[in-house]
Amino acid sequence: MPLLPRAILFDLDDTLIRAYAQPDDAWRRLLHVFAVHLDAHDEAAIERIRIAIMDEARAFWSDQTEAAKWRLDIPTARRLSTRRGLERLGYADEVLADKIADAFTEMRRNEYRLYPDAHATVDALRQAGVRLALLTNGASVTQRDKIVRFDLGHRFDHIQIEGEFGQGKPELAVYRHALERLAVDPGEAWMVGDNYEWEVVAPQALGMCGIWYDPFGAGIPANATAQPTRIIKRLAELVE
């Protein structure tokens, strides 16, 4: 077992569970289901629609204030960005757009998967005496459902959900509160997760170690303003 900190704060989505990773592939698969409704009969047509929807989604989530609001209702946010993407291509049918967005939401929910080394890694850390917190953005009902579904609740000393706490990452108050609940100083804690801003930049601003989880080998973002303390591709690397 390597030298460990007194506490580790974990992200949930796409860190302990695979939830929203690789959206390009997910949208391609979903749009093929609606190909006839969209009059999209070849890969090029599907790709045009995917790009339009995902471009609008990126624009939708780029406003941090709006993003903080809509993270608490992702299905409706997805409906709005899907409508805008289809409108760009001349589709004016909001009913169809909403049906596609809702189908994507349901498909993603059905495809949630626990990363294979998540339980073993977290359990090993607990056994080693590391205090653990789970910090996740999103609505209370949605995130609590995931925590129950994947048997995570009893594994953490503190669970903090944006919809319950009232603030989400990367607000510094989020990390400060979790550290207080774990009774540790920032220099005694790591933050582990897949979002560069939320799990590297913001925690490091407080003096924490930012451990970036990069399971698909995406590499450090070109516009990164901070270097991660460490990069891991498997959660088990934390205890090996």
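One is the number of the first residue; the rest follow in order along the sequence.
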Whether the side chain of D145 engages the backbone of V141 through a donor-acceptor N/O pair (distance < 3.5 Å, no angle test) should be reported.
no
Let me know which of R18, R109, K169, K146 forms a salt bridge (Lys or Arg N to Asp or Glu O under 4.0 Å) with D13.
K146
For R78, is there any backbone N or O sitting under 3.5 Å from a side-chain donor or acceptor partner on S81?
yes
Smallest separation among heavy atoms of A19 and D14, with atom names
N-OD1, 2.8 Å
Determine whether a donor-acceptor pair (N or O, by modelled atom type, separation under 3.5 Å) exists between the side chain of H119 and the backbone of F150.
yes
For R155 and R126, the nearest pair of non-hydrogen atoms, with its separation, is O-CD, 3.0 Å
Could you pull out the closest heavy-atom pair between L4 and L238, with the gap in Å?
CD2-O, 3.5 Å
Taking R131 for the side chain and R6 for the main chain, is one N or O donor matched with an acceptor at less than 3.5 Å?
no
When you measure from the side chain of E199 to the backbone of N195, do you find a donor-acceptor pair of N or O atoms at a distance under 3.5 Å?
yes
Identify the residue among E66, E162, E171 that makes a salt bridge (Lys or Arg N to Asp or Glu O under 4.0 Å) with R71.
E162
Can R84 and E87 be counted as an ion pair, charged N to O under 4.0 angstrom?
no
Using every non-hydrogen atom in the two residues, find where A226 and V201 come nearest and quote the distance to one decimal.
CB-CG2, 4.1 Å
Do any N or O atoms from the side chain of D42 and from the backbone of A44 form a donor-acceptor pair under 3.5 angstrom?
yes
Any donor-acceptor pair under 3.5 Å from D157 side chain to L132 backbone:
yes
When you compare the side chain of Q167 with that of H177, does any pair of heavy atoms fall below 4.5 Å?
no
Which of parallel (below 30°), tilted (30 to 60°) and perpendicular (above 60°) describes Y196 and W212?
perpendicular
Within the 4.5 Å heavy-atom criterion, are L16 and V122 side-chain neighbours or not?
yes
Verify, without hydrogens or angle tests, whether T15 (side chain) and D194 (backbone) share a donor-acceptor contact under 3.5 angstrom.
yes
Pairwise side-chain contact, E47 with E43, heavy-atom cut-off 4.5 Å (strictly under)
no
I'd like to know if the side chain of E56 reaches the main chain of L80, judged simply by a donor and an acceptor atom lying under 3.5 Å from each other, with no hydrogens or angles considered.
no
Geometric cation-pi criterion, K99 with F34: 6.0 Å, 45°
no
Side-chain (Q160) to main-chain (V174) donor-acceptor, under 3.5 angstrom
yes
